[in-house]
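Excluded from the calculations below are hydrogen atoms, water molecules and symmetry mates; all remaining heavy atoms, backbone and side chain alike, are included.
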Amino acid sequence: RCGIFGYYTYGVKKDLQFVLDTLFNGLKRLEYRGYDSAGIAVELVDPWPLSSQVDGAHAPANGSSIPEENGVHDSLTPLICKEVGKVEQLERLTFETIAQDAVELDREFHNQAAIAHTRWATHGVPSAVNSHPQVSDLDCEFTVVHNGIITNYKFLKEFLVKNGERFVSDTDTEVIPKLCKFVYDRLPNTCYDMVPPA
């Protein structure tokens with residue numbers, strides 16, 4: 001019995017410590033369901049648009065956006081931590097990783113998205129690699145947590161492998177982000193040109 005806890009804010013300033021505390025509190029409330037591993041994914045980039053007023057300041061007319069509101073993170077990928085065992089172990093690993101990467105816990109974000117998951121293994125043994133979140137690629141363009149079983153995952157996995165996708169886990173869930181990226185990468189670019197300018 002897996003458990004999912006999500007966190008999303010838009011236009012609300014909260015620091016990373018608050019977001020992490022909220023995620024771990026949510027996971028701890030799901031522990032009664034039983035699980036063998038847990039994981040989280042937290043966005044560390046704040047795509048606050050400069051095209052609107054930010055703290056009373058006017059933005060440039062070119063419509064550009066800033067990748068972050070405060071601080072520079074070396075990567076556009078989310079912070080992902082996964083661990084076998086109890087939520088306490090995941091929490092400890094997460095804060096060790098944050099300290100190692102010198103990410104500031106008091107850094108505030110206007111917008112924030114994060115997901116957390118407790119897993120009860122159905123496909124693949126309990127391991128950090130098989131824990132959720134599962135990602136589409138090294139850039140984590142699509143990051144997924146999932147409850148349930150994908151009955152046709154073997155067919156989907158074979159199809160994706162034949163088309164060049166590489167899998168790192170034994171879980172059925174990994175086909176979801178890989179399939180999303182596969183479809184997204186093949187969408188015609190012209191569909192974006194059809195959106196009228198604001």
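- Atoms CD and CG, on Glu141 and Asp185 in that order, are 6.0 Å from each other to the nearest 0.5 Å.
- For the pair Cys140/Ile80, a side-chain contact is recorded, criterion being any heavy-atom separation below 4.5 Å from C-beta on.
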Side chain to side chain donor-acceptor pair (under 3.5 Å) between Ser169 and Glu174, worked out: CA-CA 7 Å; Ser169 79; Glu174 192 178 5; 2.7 Å; yes
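- The two residues Val12 and Thr9 come nearest to each other via the heavy atoms O-OG1, 3.9 Å.
- If you take CD on Gln134 and CZ on Phe142, they are separated by 15.5 Å, rounding to the nearest 0.5 Å.
- Side-chain contact check for Lys82 versus His132: every heavy-atom pair is 4.5 Å or farther apart.
- The two residues His110 and Lys13 come nearest to each other via the heavy atoms CE1-CE, 3.1 Å.
- Between Leu156 and Ile150, the closest heavy-atom pair is CD1-CG2, 4.3 Å.
- In this structure Lys157 satisfies the salt bridge (Lys or Arg N to Asp or Glu O under 4.0 Å) test with no other residue, sequence neighbours excluded.
- Atom OG in Ser136 sits 11.5 Å away from atom CG in Leu160 (nearest 0.5 Å).
- A chain of hydrophobic side-chain contacts below 4.5 Å, direct or via other Ile, Leu, Val, Met, Phe, Trp or Tyr residues, connects Leu105 to Leu23.
- Salt bridge status for Arg107 with Asp15: absent, with no side-chain N to carboxylate O gap under 4.0 Å.
- Side-chain atoms of Asn25 never come within 3.5 Å of backbone atoms of Asp21 as a donor-acceptor pair (strictly under, hydrogens ignored).
- A cation-pi arrangement is present between Lys178 and Phe167, with the terminal nitrogen or guanidinium carbon under 6.0 Å from the aromatic centre and inside a 45° cone about the axis.
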Side chain to side chain contact (heavy atoms under 4.5 Å, CB included) between Glu108 and Leu16, worked out: CA-CA 6 Å; Glu108 288 186 330; Leu16 183 58; over 6 Å; no
Anything under 3.5 Å between a donor and an acceptor, one on a side chain of residues 88-95, the other on a protein residue two or more places apart or in another chain? List them.
{"residue": "Gln89", "atom": "OE1", "partner": "Lys86", "partner atom": "N", "Å": "2.8"}
{"residue": "Glu91", "atom": "OE1", "partner": "Lys28", "partner atom": "NZ", "Å": "2.9"}
{"residue": "Thr94", "atom": "OG1", "partner": "Leu90", "partner atom": "O", "Å": "2.8"}

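- In this structure, the separation between CG on Asp170 and CG on Asn130 is 5.0 Å, given to the nearest 0.5 Å.
- No side-chain N or O of Ser131 forms a donor-acceptor pair with one of His117 less than 3.5 Å apart.
- The minimum heavy-atom distance between Thr118 and Leu30, with the atom names listed, is OG1-CB, 4.4 Å.
- Taking both residues in full, the closest heavy atoms of Val144 and Thr173 are given as CG1-CG2, 4.1 Å, listed atom of the first, atom of the second, then distance.
- Counting only heavy atoms from C-beta outward, the side chains of Tyr8 and Gln112 never approach each other to under 4.5 Å.
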Salt bridge (Lys or Arg N to Asp or Glu O under 4.0 Å) between Glu158 and Lys154, intermediate numbers included: CA-CA 6 Å; Glu158 286 174 18; Lys154 287 182 182 177; over 6 Å; no
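- Taking the centre and axis of the six-membered ring of Phe18, the NZ or CZ atom of Lys14 falls inside the cone set by 45° and 6.0 Å.
- In this structure, CD1 in Ile40 is found 4.0 Å from CZ in Phe24, a value given to the nearest 0.5 Å.
- Atom CD1 of Ile176 is separated from atom OG1 of Thr143 by 12.0 Å, given to the nearest 0.5 angstrom.
- Taking a 6.0 Å sphere around CZ of Arg166, one finds it holds 12 or fewer heavy atoms contributed by other residues, nucleotides or ligands.
- Residues Ile115 and Val87 fall into different hydrophobic clusters, defined by Ile, Leu, Val, Met, Phe, Trp and Tyr side chains chained together at heavy-atom separations under 4.5 Å.
- The closest side-chain heavy-atom distance from Val145 to Pro133 is below 4.5 Å.
- Side-chain heavy atoms closer than 4.5 Å link hydrophobic residues (I, L, V, M, F, W, Y) into clusters, and following such links, even through other members, never connects Leu44 to Val135.
- Across every non-hydrogen atom of Val84 and Ser127, the tightest pair is CG2-CA, 3.2 Å.
- Under the 4.5 Å side-chain heavy-atom criterion for grouping Ile, Leu, Val, Met, Phe, Trp and Tyr, Phe182 is connected to Val161 within one hydrophobic cluster.
- For the pair Ile98/Glu104, no side-chain contact is recorded, criterion being any heavy-atom separation below 4.5 Å from C-beta on.
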